[in-house]
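Order of the sequence lines sets the chain letters (A, B, ...), proteins ahead of strands, with each chain counted from 1. Just so it is clear, the model here is predicted, and its values are computed rather than measured.
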Amino acid sequence: MAKLITPRSEDYSQWYNDLVYRAGLADQSAVRGCMVIKPHGFALWENMRDILDKMFKDTGHVNAYFPLFVPKSLFEAEEKNAEGFAKECAVVTHYRLKTDPTRPGKLIADPEAKLEEELVVRPTSEAIIWNTYRDWIHSYRDLPILINQWANVVRWEMRTRPFLRTAEFLWQEGHTAHATKAEAMEEALKMHEVYTRFAEDYMAMPVIKGAKSENERFAGADDTFTIEAMMQDGKALQAGTSHYLGQNFAIAFGVKYLTDQNKEEYVYATSWGVSTRLIGALVMTHSDDDGLVLPPKLAPLQVIIVPIPKPTPEIKAVADKLIIELKSKGIRVQYDQDEKNRPGFKFAEYELKGVPVRIGIGARDLEQRVAEVARRDTKEKQSLPIEGLADAVEQLLQDIQSNLFNRALQLRSQNTHSVDNWEEFVDIMENRPGFVYAHWDGSIETELAIKERTKATIRCIPLDSKEEPGLCIFSGKPSNKRVLFAKAY
RNA sequence: CGGGGCGUAGCGCAGUCCGGUUAGCGCACCUGGUUUGGGACCAGGGGGUCGAGAGUUCGAAUCCCUCCGCCCCGACCA
């Protein structure tokens with residue numbers, strides 16, 4: 001049978017594309033830049049969404065929903081935000097179609113039905129939300145407001161890649177309002193921490209926590225906190241951001257409240273989001289040439305039981321009992337009843353889909369009361385007694401989860417360097433992409449010059465980076481700490 | 001928007017340069033049979049406005065013109 005997936009070593013980005021389509025995560029759509037998220041991909045997103053949603057609720061947030069369309073006049077209110085997103089906005093100009101008088105059967109936007117005010121399809125919702133918050137907030141007693149929304153947004157990108165960058169994507173966006181700067185900053189950092197925990201504990205994806213440089217900051221934010229992950233090709237992927245917005249939006253939309261001293265003050269804001277991009281991150285962190293490798297905590301299906309060579313009543317009886325035990329432990333498991341395909345085909349198929357554990361049961365196994373247990377991450381197989389198998393599988397799933405994290409962490413360490421001279425910096429970026437900790441003089445000019453020459457950008461100023469006197473890798477000017485450089489997705 | 005590539009069955013492709021019966025192959029699909037511990041085999045079968053439009057010609061997947069779409073690389077970006 002022909003190889004379905006381009007090997008990573010041959011062409012990493014083709015490998016990624018092949019995988020996304022072959023594993024049934026997504027399909028191309030009739031709309032340029034937009035994809036169809038197929039059931040397997042959406043199941044992953046649902047698992048992510050459910051876990052994140054619980055984490056948000058546990059930190060005091062509630063969900064709401066705001067409109068897809070933003071009147072242009074609102075959109076332009078916060079200037080930096082508007083400017084930052086303006087060049088990638090889809091705009092609704094008409095509200096009706098009519099048949100084309102010159103081409104029968106064809107439709108045109110009805111020139112009589114031009115909108116008086118054009119509507120921007122939200123690239124993010126700060127504008128519409130802060131316009132609403134103005135009406136909701138009058139007193140310190142109305143604060144804080146801790147709202148999240150699950151939504152789609154549109155950013156008209158020139159070049160798109162499935163999950164990593166699409167014109168329309170699904171995400172969540174938290175928008176909070178606070179009485180004080182300290183409280184808003186605390187919120188921004190708290191959600192940054194939530195994202196970190198989600199990435200590391202659930203996605204098994206180690207991340208570097210840091211602040212964005214001014215140049216890379218969210219348009220309209222005073223501070224942007226990011227989690228940056230390393231993909232298998234050594235490139236960085238921004239996996240989630242949390243913004244301290246200061247009073248920028250409050251001022252732009254006139255959102256003021258009275259303090260307990262009856263003094264009028266502007267509100268402080270945060271916003272934070274992660275998107276379906278995380279699915280791309282997941283794929284590029286763990287998967288291999290045989291297909292997806294999914295962390296058990298997020299895998300739509302955690303255990304598949306394959307009868308060998310095909311279903312029999314005897315195997316089914318054993319499988320049914322095992323399924324009851326596994327399900328009672330909250331494990332997502334299925335028994336493959338299909339008679340058409342042979343075991344080898346099924347093995348390949350479940351590996352492609354990333355199912356963490358496969359249990360093979362055949363007549364030989366039944367005689368000895370054992371089953372063949374195969375783990376997706378290492379491809380190791382072992383024969384284990386059916387007695388107590390559920391416990392062993394539960395343990396194995398945990399092992400896989402932590403092995404994936406450790407493996408990713410190891411890959412990151414191997415490709416992370418501390419660099420003090422420009423030649424070495426250039427050599428790494430050109431020949432063995434990875435994370436580079438280097439001194440930077442803090443200026444935008446230097447940052448842009450480095451990007452120009454090497455394509456590497458400052459991914460973040462790590463929160464835990466130590467004060468350490470040094471000289472800027474590019475300008476030679478003094479610097480007091482290292483920042484994280486990498487080529488980025 | 002620049003540079004490259006590609007549109008022929010659900011998918012992957014050959015055929016196009018040099019026009020010529022009924023447009024072909026692999027995978028997938030359907031039927032029957034034999035198989036079955038790592039992507040089975042045999043036999044039979046279904047499926048095509050050859051991206052669209054216009055043109056040249058006795059005759060166009062093939063030549064000319066126009067248009068549309070997609071993919072990759074670059075600029076932009078979560």
Side-chain angles (χ1 to χ4, degrees), chain A residues 1-6 11-14 16-18 21-22 24 27-35 83-89 103 123-124 152-173 195 212 215-219 221 224-229 236-243 271-281 290-291 306-312 315 338-352 358-368 370-372 374 379 381 383 451-452 455 457 459 488-489:
Chain A
M1 186 149 229
K3 222 21 182 177
L4 297 173
I5 302 172
T6 306
D11 184 341
Y12 192 80
S13 112
Q14 192 57 47
Y16 174 80
N17 285 337
D18 287 353
Y21 298 125
R22 297 291 183 190
D27 248 353
Q28 284 166 192
S29 76
V31 191
R32 181 190 159 77
C34 296
M35 64 177 174
E83 234 183 84
F85 284 104
K87 56 190 175 305
E88 44 188 329
C89 284
R103 293 151 58 233
T124 180
N152 59 337
V153 288
V154 169
R155 296 179 185 177
W156 214 264
E157 302 289 349
M158 295 178 186
R159 274 205 62 215
T160 59
R161 300 194 63 189
F163 292 112
L164 298 175
R165 178 164 297 105
T166 46
E168 180 193 13
F169 57 93
L170 305 183
W171 77 345
Q172 57 71 215
E173 46 182 328
Y195 289 155
K212 284 293 188 187
N215 181 52
E216 296 272 334
R217 207 172 279 162
F218 176 76
T224 288
F225 302 103
T226 178
I227 54 173
E228 299 282 329
L237 185 100
Q238 178 177 312
T241 47
S242 179
H243 315 291
S271 69
W272 27 274
V274 296
S275 71
T276 37
R277 175 179 243 205
L278 290 180
I279 294 172
D290 295 319
V306 180
I308 295 169
K310 65 179 178 183
T312 66
I315 297 174
D338 171 50
E339 307 221 12
K340 195 179 80 63
N341 290 306
R342 301 169 15 139
F345 181 88
K346 293 177 178 178
F347 293 173
E349 202 60 24
Y350 290 115
E351 281 161 9
L352 179 62
R358 184 186 72 235
I359 300 176
I361 305 176
R364 291 207 305 256
D365 300 307
L366 289 184
E367 277 170 32
Q368 303 165 54
V370 297
E372 183 190 75
K379 308 285 291 284
K381 290 191 274 199
S383 205
K451 183 180 180 186
E452 172 84 11
K455 302 229 164 96
T457 49
R459 298 324 303 152
Y489 273 98

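- Residue A:D365 has its side chain nearest to B:rG37 when only B:rG37, B:rG74, B:rA78 are considered.
- Which of B:rG37, B:rA78, B:rC70 sits closest to the side chain of A:R155 comes down to B:rA78.
- With hydrogens and angles left out, the side chain of A:N341 and the base of B:rG39 share no donor-acceptor pair within 3.5 Å.
- To the nearest 0.5 Å, the span separating CG on A:L278 from CG on A:L237 amounts to 8.5 Å.
- Nearest to the side-chain atoms of A:F345 among the listed nucleotides B:rG39, B:rA75, B:rG38 stands B:rG39.
- Phosphate contact (OP1/OP2 of B:rG38, side-chain N/O of A:K379, threshold under 4.0 Å): absent.
- A donor-acceptor pair under 3.5 Å links the side-chain atoms of A:K346 to the main chain of A:D338, judged by distance alone.
- Residue whose closest nucleotide on RNA chain B sits further toward the 5' end, between A:A488 and A:S13: A:S13.
- Rounded to a whole angstrom, the distance from the C1' atom of B:rA14 to that of B:rA61 is 12 Å.
- Distances shown here put a side-chain N or O of A:R342 below 4.0 Å from the OP1 or OP2 atom of B:rA40.
- Nearest nucleotide to the side chain of A:P309, out of B:rA78, B:rU36, B:rC76: B:rU36.
- Summary of the strand contacts: A:S275 and A:L366 both lie near RNA chain B, and taking for each the nucleotide with the nearest heavy atom, the more 5' one is attributed to A:L366.
- Cation-pi geometry between A:R358 and A:F347 is met: the NZ or CZ atom falls under 6.0 Å from the ring centre, inside 45° of the normal.
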Item to complete: Apply side-chain contact (heavy atoms from CB on, under 4.5 Å) to A:S13 and A:R161, showing your working.
Response: CA-CA 10 Å; A:S13 112; A:R161 300 194 63 189; 3.4 Å; yes

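- Nucleotide B:rU16: unpaired (no Watson-Crick or G-U wobble partner with both distances less than 3.5 Å).
- Residue A:K340 has its side chain nearest to B:rC29 when only B:rG37, B:rC29, B:rG39 are considered.
- Rounded to a whole angstrom, the distance from the C1' atom of B:rG51 to that of B:rC58 is 28 Å.
- Taking the side chain of A:K310 as heavy atoms from C-beta on, and the options B:rG37, B:rU36, B:rC76, the nearest nucleotide is B:rU36.
- Among the nucleotides B:rC76, B:rG38, B:rG37, the one closest to the side chain of A:M158 is B:rC76.
- In this structure, of B:rA78, B:rC76, B:rG39, it is B:rC76 that holds the atom nearest to the side chain of A:K451.
- Residue A:N17 has a polar side-chain atom (N or O) positioned under 4.0 Å from OP1 or OP2 of B:rC72.
- Separation of the P atoms belonging to B:rG5 and B:rA9 is 22 Å when rounded to the nearest angstrom.
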